[in-house]
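First the proteins, then the strands, lettered A, B, ... as listed; each starts at 1.
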Protein chains: 2
Amino acid sequence: MAGGVAELLTGRMTEIIDAARDLLEAGGPEAVTMRAIAERLGIKAPSLYKHFPDKEALEAALVAAGYVEQAEAFAAAGRSRNPLAALARAYRRWAMEHPHLYMLMTNRPLERDRLPDGVEAAAAAPIVKACGGNPDRARAAWAFAHGMTSLELANRFPPDADLDAAWRSGIDALQAPHATQPRSTT
Amino acid sequence: MAGGVAELLTGRMTEIIDAARDLLEAGGPEAVTMRAIAERLGIKAPSLYKHFPDKEALEAALVAAGYVEQAEAFAAAGRSRNPLAALARAYRRWAMEHPHLYMLMTNRPLERDRLPDGVEAAAAAPIVKACGGNPDRARAAWAFAHGMTSLELANRFPPDADLDAAWRSGIDALQAPHATQPRSTT
DNA sequence: ACACTAGGCTAACGACGTTAGCCCGTCAAG
DNA sequence: CTTGACGGGCTAACGTCGTTAGCCTAGTGT
């Protein structure tokens, strides 16, 4: 059984995940209840446990599907010229189109053994490439994008903030163009 | 009415918030139940509703207290030379010391009218100052710090990632607009 | 003396995740 | 055919959660 969670999804499982996702995107996280998922499928809540051991496992599958979809959205942007800016746009865009799913994917610890291996790494790969393979800078850029996105979704910026300008400012700074000296301040 | 939530806290209210906070820091968010808070105070859960209209209001008060405390921790760092780096260290440090509270403060929307006015702004002010008053760059820096912190707390970085290096890389890039070395031979 | 109020209490409701146990259809092996 | 395993439904129920209704008591201002 090694492989952990990388088990294949039976048809019924994907139906369940789709139902959960519809509820999530329509009504936020508190709309995703076992009873509501079941009702949407015309079955009763306990039947869901024939397919997933518990709600957390179901959510983990939802998150995994999200990462796959996200990775697809990023792949195209990664091939652009000025890939960092394009990726940032794609990142923000995807999150704004699926705000609740994005938060489910990033908020809270969510132990990694619930996720198929490498699913996160695949989504992150284009960013690393866009940072010229510098993993520290790539993580910084990822953190910046996630931070902007998370704060925007959580409504943490003042209403008059110019978020486009903030994104530009950050991307601009984090670009790894000239003067990529690891030691800059003497 | 005006003033919103800026009402003063009666003695009993701060006791309740302290109890909630103890539970939060000790057992994570799901340990914070109305019954558990009450038990810690030697009373019963419904009595809490004599002091807070609902659990969300109680959590909002907890979050507000967190912002105040955070702002205090940042104030000192803001007065350092190289304030951006010092603030980043303080930011990360505070979050690591209060991980659950930090997540409660930043995750999920949490409508702002629950918070006393300006409590967020006060915490953000030193960052703006450290960015030479450039608000876009300040927001980018804030987002970077929050992103790094959030991803670290959510266990999103691979175990072998050098987070100190990533922080350094980001701070370095975001420092001042154009390679504004503090003392470049002026 | 009396009413008001702050702040406790018990009982209970409905929604939630979850478990136990039953049942029925399909289908391969005898 | 019969049979037996099993996938995938079902009902009933449990314990926990936030929350409400309604009662009671000690202190206080008039």
Judged by atom type as modelled, is there a donor-acceptor pair below 3.5 Å linking the side chain of A:Arg21 to the main-chain atoms of A:Leu62?
no

Taken in chain and number order and not counting sequence neighbours, the residues that satisfy ring-ring contact (aromatic ring centres under 6.0 Å, His included) with B:Tyr91 are B:Phe74, B:Tyr102

Is it true that a side-chain atom of B:Arg12 and a backbone atom of B:Thr10 form a donor plus acceptor pair closer than 3.5 Å?
no

Residues in residues 16-24 of chain B with a heavy atom under 4.0 Å of DNA chain C, by number, are none

Hits for side-chain hydrogen bond (donor to acceptor under 3.5 Å, both in side chains) against B:Arg35, two or more places apart or cross-chain, chain-then-number order -> none

Sorted by chain and residue number, the ring-ring contact (aromatic ring centres under 6.0 Å, His included) partners of A:His98 (sequence neighbours excluded) come out as A:Trp94

Task: Expected output: side-chain B:Arg139 to main-chain A:Leu163 donor-acceptor under 3.5 Å - done: no

Per-nucleotide protein contact along nucleotides 8-17 of chain C, 5' to 3', at a 4.0 Å heavy-atom cut-off (B base, S sugar-phosphate only, - neither), is BBBBB---BB

Sorted by chain and number, sequence neighbours left out, side-chain contact (heavy atoms from CB on, under 4.5 Å) with A:Asp160 holds for A:Pro158

Item checked: A:Arg92 bridged to A:Asp164 by N-O distance under 4.0 Å -> yes

Whole-Å distance, A:Phe52 CZ to D:dG8 C1', equals 14 Å

